[in-house]
> 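Take this structure first; my questions come after.
Since the structure is predicted, the reported quantities are computational estimates derived from the model, not experimental observations. Naming convention: chains lettered A, B, ... in sequence-line order (proteins, then strands); numbering from 1 in each chain.
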Protein chains: 2
Amino acid sequence: MQTEDRKRGKQGKRGTGSRRRAPEATRLALVEAAVDLVRASGVHATTVDQICAAAGATKGAFFHHFRSKEAILEAAVEHWCRGRAELYGRDLGGVTDDPLERLDRMLNGLAASVRAPGERTACLLGMVAQELAGSNHRVRALCEQMLQGWTDLVAGLLADAKRRHPPATDFDAHGMAWLLNSLWQGSLLAAKTRRDPELVAANLEHARRYILAHFSATNPQPPSQKCP
Amino acid sequence: MQTEDRKRGKQGKRGTGSRRRAPEATRLALVEAAVDLVRASGVHATTVDQICAAAGATKGAFFHHFRSKEAILEAAVEHWCRGRAELYGRDLGGVTDDPLERLDRMLNGLAASVRAPGERTACLLGMVAQELAGSNHRVRALCEQMLQGWTDLVAGLLADAKRRHPPATDFDAHGMAWLLNSLWQGSLLAAKTRRDPELVAANLEHARRYILAHFSATNPQPPSQKCP
DNA sequence: CAGAACATACCAACCAGTCTGTATGCAAAC
DNA sequence: GTTTGCATACAGACTGGTTGGTATGTTCTG
């Protein structure tokens, strides 16, 4: 179909590097196409041909860079998680060193990410895990690892917060982090099914209040003002 | 392959009713096989042939009862949700009329359902929604409807509870119900990926404490004793 | 015997993966 | 500096197995 983009790469000027052919760019295009398509339709409903077409590449290129469909799937999951970690990490960066405030910022960042116009309500990690955890051991393990990495990050924040602000009611940092992670995944699933991204924001707000309630001596707090 | 089960139905004694062939039984066997297989491997990874084999039926029987794969999928979702509603409804039945206590029982029932030995950690509804919400409008709408039904039930309980025990901190019953539903789905997803059903119970315990905290004037309460 | 309830052979489409061929860049031999 | 050799990076036709669905035949019931 529309191979124009890459045809240019074949006979036109160079892409990124100094060679006419930029293998890293091709690989990246394939991975990003895979991320998009799988997020839109799921793993099994996405074909290798579709990925190739979306990336402006051919089957030859595809199987040159990836041994199998499963291989690009793993690459896609890792790429996605790296990207998301970077995205949410930006919200945390430098502004404050109070872990509680950083957590608050992160929650705001998560809510903002689903509200972004044109952004589809879907987490690649959750979709791949849901579809393959029961049947593909390798992919399941990879998803578990990614999920764990994200949870450890949040748990670290929570542990810091506990040290800095001794909580009125103690709680397990990892348990709380898994709660947040589970809620995040479930919220995306429900929001996608309802076609209502606001559900994610509402649920995160509950989570925020639940967590803060452990630190303050008062009851679940009234909703705080955020950016209008 | 192993069509023994149904071969009996062909030449042996009757199954359920009075005819040698019991169409309703065949239909039910197909639906239940579909539920099992989809819960184990997902929608696209489950083939019509597999469903037929597991149900001890043939393709002829399958397409006699269902127009398409999508048709049995919708039947499976409805069957699953009916069954779950009945299962969790039993825990609520009659023992008490205090809505808060009934909610507590329901949460215990949910936790118990994932701990049941041999039970796989997977919700058909969540899996179908995750895999098809982005690409199949009909199925997405059905899943939304089922999800909504479950949420309405919980919201009703919560609204009753608010009437019976005026909460110290007010909250929106539907919002809270969606929170629970989202958390439930996400917990199942995370638990399946981690292969640790206890995660679901731990998350539900957080939810229980969060909800109860709205009613009592105290902080998030210490974990209550439950069945050992 | 009519129609429901199957059984079975069959098919066209699809899809992951392969195979063969080709263009390009680079390095060393000459 | 140009020819030769070779590896990378593709292009694209092809294939063998799978899959949802169909067409047709058969058996049993009312």
Side-chain angles (χ1 to χ4, degrees), chain A residues 1-30 34 37-38 41-74 132 136 139, chain B residues 1-30 34 37-38 41-74 132 136 139:
Chain A
M1 282 290 177
Q2 81 289 36
T3 325
E4 301 166 32
D5 217 27
R6 208 116 277 276
K7 258 183 196 141
R8 180 174 45 70
K10 190 183 175 187
Q11 270 155 359
K13 316 294 154 55
R14 63 273 351 271
T16 344
S18 54
R19 331 250 162 80
R20 285 214 196 142
R21 289 189 288 177
E24 277 312 310
T26 303
R27 200 191 130 94
L28 185 64
L30 284 166
L37 287 167
V38 171
S41 318
V43 178
H44 286 92
T46 299
T47 71
V48 170
D49 283 327
Q50 282 173 352
I51 297 173
C52 292
T58 61
K59 269 231 175 100
F62 184 97
F63 284 101
H64 174 74
H65 287 286
F66 304 98
R67 268 171 311 149
S68 62
K69 189 184 175 183
E70 186 188 321
I72 200 182
L73 199 67
E74 291 173 12
L132 294 181
N136 187 320
V139 174
Chain B
M1 286 285 176
Q2 80 292 31
T3 326
E4 301 167 31
D5 218 27
R6 209 113 279 271
K7 259 183 194 140
R8 182 172 45 68
K10 190 182 172 189
Q11 272 155 358
K13 316 296 155 55
R14 66 272 350 272
T16 344
S18 55
R19 331 251 160 79
R20 282 214 198 142
R21 290 188 285 177
E24 277 312 310
T26 302
R27 200 192 130 94
L28 185 63
L30 284 166
L37 287 167
V38 171
S41 318
V43 178
H44 285 91
T46 298
T47 71
V48 171
D49 282 331
Q50 281 173 353
I51 297 173
C52 292
T58 61
K59 265 216 174 128
F62 183 98
F63 283 101
H64 174 73
H65 287 285
F66 303 98
R67 268 170 312 149
S68 63
K69 190 184 176 184
E70 186 188 321
I72 200 181
L73 198 67
E74 292 174 12
L132 295 181
N136 186 319
V139 173

> Counting primed atoms plus P, OP1 and OP2 as sugar-phosphate and everything else as base, spell out the protein contacts along nucleotides 16-23 of chain D at 4.0 Å heavy-atom distance: B, S or - for each nucleotide, 5' to 3'.
---SBBB-
> Calculate the interatomic distance between A:F66 atom CZ and D:dA9 atom P; express it in whole Å.
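Checked: the CZ to P distance equals 12 Å.
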> Could you list all the side chain to side chain donor-acceptor pair (under 3.5 Å) pairs where at least one residue sits in residues 42-56 of chain B, not counting sequence neighbours?
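Residue pairs passing side chain to side chain donor-acceptor pair (under 3.5 Å), neighbours aside: B:H44-B:E131, B:D49-B:K59.
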> Rounded to the Å, how far apart are A:I72 CD1 and C:dC15 C1'?
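To the nearest whole Å, that distance equals 15 Å.
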> Among residues at least two apart in sequence or on other chains, which ones pass side chain to side chain contact (heavy atoms under 4.5 Å, CB included) with A:F66?
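Partners of A:F66 under the side chain to side chain contact (heavy atoms under 4.5 Å, CB included) test: A:R27, A:L30, A:V31, A:F62, A:A71, A:I72, A:A75.
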> To the nearest Å, give me how far apart CG (A:L28) and P (D:dA9) are.
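Going from CG in A:L28 over to P in D:dA9 covers 15 Å.
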> Could you tell me which residues satisfy side-chain hydrogen bond (donor to acceptor under 3.5 Å, both in side chains) with A:K69, sequence neighbours excluded, listed by chain and number?
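side-chain hydrogen bond (donor to acceptor under 3.5 Å, both in side chains) list for A:K69, sorted by chain: empty.
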> Nearest whole Å is fine: how far is C:dA5 C1' from B:H64 NE2?
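Roughly 5 Å, once rounded to whole Å.
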> With sequence neighbours left out, write down each residue that passes side-chain hydrogen bond (donor to acceptor under 3.5 Å, both in side chains) with A:E70, or none if nothing qualifies.
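A:E70 satisfies side-chain hydrogen bond (donor to acceptor under 3.5 Å, both in side chains) with A:N136, A:R138 only.
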> Under a 4.5 Å cut-off applied to non-hydrogen side-chain atoms, are B:L132 and B:L73 in contact?
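Of all side-chain heavy-atom pairs linking B:L73 with B:L132, at least one is under 4.5 Å.
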> Is A:T26 near enough to D:dC10 that one of its side-chain N or O atoms lies under 4.0 angstrom from OP1 or OP2?
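So the side-chain polar atoms of A:T26 do come within 4.0 Å of the phosphate oxygens OP1 or OP2 of D:dC10, strictly under.
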> Tell me whether the side-chain N/O atoms of B:H65 come closer than 4.0 Å to OP1 or OP2 in C:dA5.
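Checking C:dA5 against B:H65, no side-chain N or O comes under 4.0 Å of OP1 or OP2.
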> Under the rule for side-chain hydrogen bond (donor to acceptor under 3.5 Å, both in side chains), what residues qualify as partners of A:H64, not counting sequence neighbours?
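Once residues adjacent in sequence are excluded, A:H64 has no partner under the side-chain hydrogen bond (donor to acceptor under 3.5 Å, both in side chains) criterion.
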